[in-house]
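To start, the structure itself, in C-alpha cells.
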Amino acid sequence: MKKILQVCLALSVSLSVLGQNTYKIDIDATKTLVDIQPTMYGVFFEDINFAADGGLYAELIKNRSFEFEYPWMGWKHLPESETRFNIQNELTIYSNANVNPKNPKVVRVEKRDAQKDIGLQNEGFDGIGFKKDAKYDFSAFMRSNRGNITQEIQLLNESGKVIGSAVITQTPLNWSKVEAIVTCGETVQHGKVNVIFKGEGQIDIDLISLFPQDTWMGRKGGLRKDLVQLLADLKPGFVRFPGGCIVEGRTLAERYQWKKTVGKVENRELLINRWNKEFSHRQTPDYYQTFGLGFFEYFQMCEDIGATPVPILSCGLACQFNSSEMHPLEDLDPFVQDALDLVEFANGDINTKWGALRSEMGHPQPFNLKMIGVGNEQWGEEYFERYKVIAKALKNKYPEIRIISGTGPFAEGELFEQAEKALTILKPELVDEHYYKSPQWFRENAGRYDNYDRDRYKIFAGEYAAQSVETVSPDNKNNWECALSEAAFMTGLERNADVVYMSSYAPLFAHVNRWQWTPDLIWFDNLSSFGTANYLVQKLFSNNAGTKTISIKSAGANISGQEGIYGSASIDEKTSEVIVKLVNTGSIAKTIDLNIKGLAKKSIGKSIEISENDPGKFNTIEEPQKIKTKESLISLEKGKAMFSLEPYSFKVFRIKI
Ligand code: AHR
C-alpha cells in the first residue's frame with residue numbers, strides 16, 4: 001500500500017511540474033449544500049426493442065397462445081418436408097372463447113394416423129438461446145378429447161439436431177397445465193423447439209411455454225437473470241415503467257391497461273406492441289405484448305433491486321405522434337378509476353379488492369407505491385385538462401402519492417413553453433422532461449437548471465440520451481462522445497439536486513437483431529448482454545451519488561464547460577466520503593490542481609475512470625469491453641492533489657474525510 005501511495009504522490013508531483021494547462025478546482029467539504037434525493041438516478045423501462053417479450057421476460061416461445069393477429073406466426077407445422085400442408089386438417093386453430101374469452105384461440109390436434117408423427121415448431125424471438133447443461137421448464141395447457149396422444153418436446157440446435165428432449169405421456173381430460181423439464185446438451189444462439197404429437201386421437205393445446213430454470217431469483221416463469229442483474233448493478237433509485245409511448249398507445253384501444261396485465265398469466269389478454277410497425281426502416285410485425293411481465297412483476301422487480309416503483313398511466317389521450325385519439329373529458333371515470341385502483345393494488349389492505357389480488361399473486365405486503373405519472377409525452381390543453389382531472393382525484397383519495405406530469409416530447413420550443421405555462425398554474429410536484437438531443441446540446445446545457453426558479457415544481461429528467469446522428473435515426477450509436485456528453489450534463493443535474501429529483505436514460509434495453517430505436521442503454525442477444533458506454537456513465541453516477549452536494553468551483557464559478565471541463569461534488573454521509581466527478585470533453589489532457597477544504601492532513605481515496613481517445617468508439621456484443629472503467633488510488637496532502645485529467649475522460653473520486 002505504502003508503495004502505491006509513493007507512486008501516486010510521485011505522479012502528482014511530476015504532473016505539477018508540467019505547469020501549463022493547469023485547471024484549478026476548489027471544493028469545500030466543510031459545508032453541505034442541498035440533499036441529493038435517493039431517487040436521483042433511476043431507470044426507465046419500456047417494452048421497445050423486444051425489451052419485455054423476447055428480452056427481460058424469459059419466455060422462449062413466441063406467440064405461445066396463438067393470439068397474434070395471424071395465429072400461426074412463429075410456428076411451423078411438422079413434418080416440414082410435406083407439401084400437403086394441413087390437407088387432413090391435423091393442426092387447426094380452434095375457438096375456446098367460451099372457456100377463456102381473454103385467450104380464445106387454441107390448437108386442435110387431430111391425429112388420424114398413429115404411424116405418422118406430426119408436430120409444431122417454434123422459432124423463438126430471434127431463434128432461441130440455449131445453454132449447455134441448463135434445465136428448461138416446458139409447460140402447456142392441454143385437454144384430451146379422444147384417443148391417446150403423447151408429446152415429445154425437443155430442443156434443436158441451428159442445424160436441426162435434437163439437443164434435449166422430454167416426453168409427456170398423459171394428456172388430461174379437462175384443461176390443465178402439463179409440465180416437463182428438459183436438459184439441454186449444447187449452447188446455441190438460434191435454436192428452435194419442437195412439440196411432436198404421437199399416437200392417435202384428438203387434443204387441444206394452448207399456452208405452450210418454455211423458460212430457463214435459471215431466472216432472476218430462480219422464479220418460475222420469471223425474468224432473464226443477466227438483464228435484471230445489469231439493472232441491479234446500477235443500484236437505481238427508481239424504475240419508471242411501462243413507458244413511454246406504449247402507455248399512450250397508437251390508439252386508445254392499444255394503450256397500456258395495467259389491469260389486463262395482472263392475475264393469472266393465462267388470463268392476460270395479448271395486445272399488439274405499438275412499436276410493431278412504427279418505423280418503416282425497422283418493422284417487426286411479430287412484436288406483441290403477452291404481459292407475462294405485467295404490473296405485479298414490475299413492482300416485484302423494483303422491490304428486488306431496491307428501486308422506487310414509478311408507474312406511468314394513460315390520461316385518456318392516445319399518442320399525439322399517431323392517432324391523438326381522445327377520450328371525452330366529461331367521462332374520464334375509467335381512467336380515474338384505473339389510477340385509484342392501482343394505488344389499492346400496490347398498497348391496499350389485503351381485504352380490499354385489488355389488495356386481495358396482489359396477495360393472491362404472492363405478495364400480501366404492500367409494494368410501497370409513492371409516485372404515479374399521469375400521461376407520458378403529451379402536450380396541449382387536451383393533455384393538461386385530462387391530467388388535472390386524474391391528478392385531482394388521486395390527490396383527494398391518496399394525498400401521500402406524488403404525481404408526475406409530462407411536458408411533451410421536446411426540451412424547449414413552443415410546446416415546451418406552453419407546458420411550462422400550464423404547469424406553473426397546475427403546480428404538479430414533479431415534471432417529466434425529455435431530451436433526445438445532440439451530444440453538443442448535452443455539453444452546452446449542463447447549466448440548464450443553474451438559474452432555475454427554486455419555487456417551481458421539481459424536475460424528473462425522465463427520458464434522455466445523446467443522439468449521435470439525430471432522434472430516431474437507425475444510425476445512432478452508443479458511442480463514447482454521447483456517453484461523455486451525458487456525463488457532462490449529469491454533473492449539472494447533480495449540482496442542481498434541489499431542483500432535479502429524478503433522472504433516467506432512455507430507452508433501456510435493445511435486442512441486437514430486433515431493435516426499433518437506437519441508442520439504448522443495454523444491448524443483448526439470446527444468450528448474453530452488455531452495458532454500453534452510456535451504461536457505465538449511469539452506473540458511475542448512481543453508484544456514487546452521495547447524499548448532499550458540496551461546493552465545487554473553478555475561479556469562483558460552477559464548473560460547467562469552461563475549457564471543456566465539467567464537475568460536481570457531494571458528500572456521502574453514510575460512508576463519510578467526499579465524491580468528486582470530473583469530465584474532460586476536450587481533446588487535450590488537463591492538469592488538475594485540486595484543493596478540497598475540510599480533509600485531514602493525509603487522505604486517500606479511490607479513483608474510477610473511463611478514458612478513451614476515440615470518441616467514436618462503442619461497445620458491441622462481440623466486444624462488450626472496448627470501453628470500460630479502470631480503478632486506481634489517489635492520495636491527497638492537506639486536501640491537495642495534482643493529477644492529469646485525460647482527454648475525453650470521466651473520473652470519479654471517493655475520498656475518505
Ligand atoms: O424512448 C422511446 C420513446 O421516446 C418513448 O416511448 C417516448 O416517450 C419518447 O418519444
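Remember, it's a predicted structure, so these values are computed and weren't measured experimentally. Ligands are counted one by one from 1 in listed order, and the atoms in each one are counted from 1 as well.
Heavy atoms of Tyr436 approach ligand 1 to within less than 4.0 angstrom. Residue Pro507 places a heavy atom less than 4.0 Å from ligand 1. Within the 4.0 Å heavy-atom shell around ligand 1 one finds Trp275.
The local environment of CG in Asp475 is crowded, with over 12 non-hydrogen atoms from other residues, nucleotides or ligands closer than 6.0 Å.
Between Glu463 and ligand 1, an N or O atom pair is found at a separation short of 3.5 Å. When only interatomic distances are considered, the shortest N/O to N/O separation between Cys245 and ligand 1 falls below 3.5 Å.
For Asp304 and Trp216, the side-chain atoms include at least one donor-acceptor pair closer than 3.5 Å.
Shortest contact from atom 6 (O) of ligand 1 to any protein heavy atom: Glu46 OE1, 2.5 Å. For atom 10 (O) of ligand 1, the closest non-hydrogen atom of the protein is Glu377 OE1, 2.6 Å.
Between Phe238 and the choices Phe45, Phe460, Tyr298, the ring pair (Phe, Tyr, Trp, His ring centres under 6.0 Å) rule is met once, by Phe460.
A centroid separation of less than 6.0 Å is found between the aromatic rings of Trp441 and Tyr435.
Listed by number with element, the atoms of ligand 1 under 4.0 angstrom from any heavy atom of Gly244 are 5 (C), 6 (O), 8 (O).
Using a 4.0 Å cut-off between charged side-chain N and carboxylate O, Glu420 and Arg456 make a salt bridge.
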Would you check, one step at a time, whether the test side chain to side chain donor-acceptor pair (under 3.5 Å) holds for Tyr436 with Glu463?
CA-CA 8 Å; Tyr436 292 101; Glu463 293 182 31; 2.4 Å; yes
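Annotation: side chain to side chain donor-acceptor pair (under 3.5 Å) contacts of Thr518 (sequence neighbours excluded): none.
Under 4.0 angstrom from ligand 1, the non-hydrogen atoms of Asn376 all belong to its side chain.
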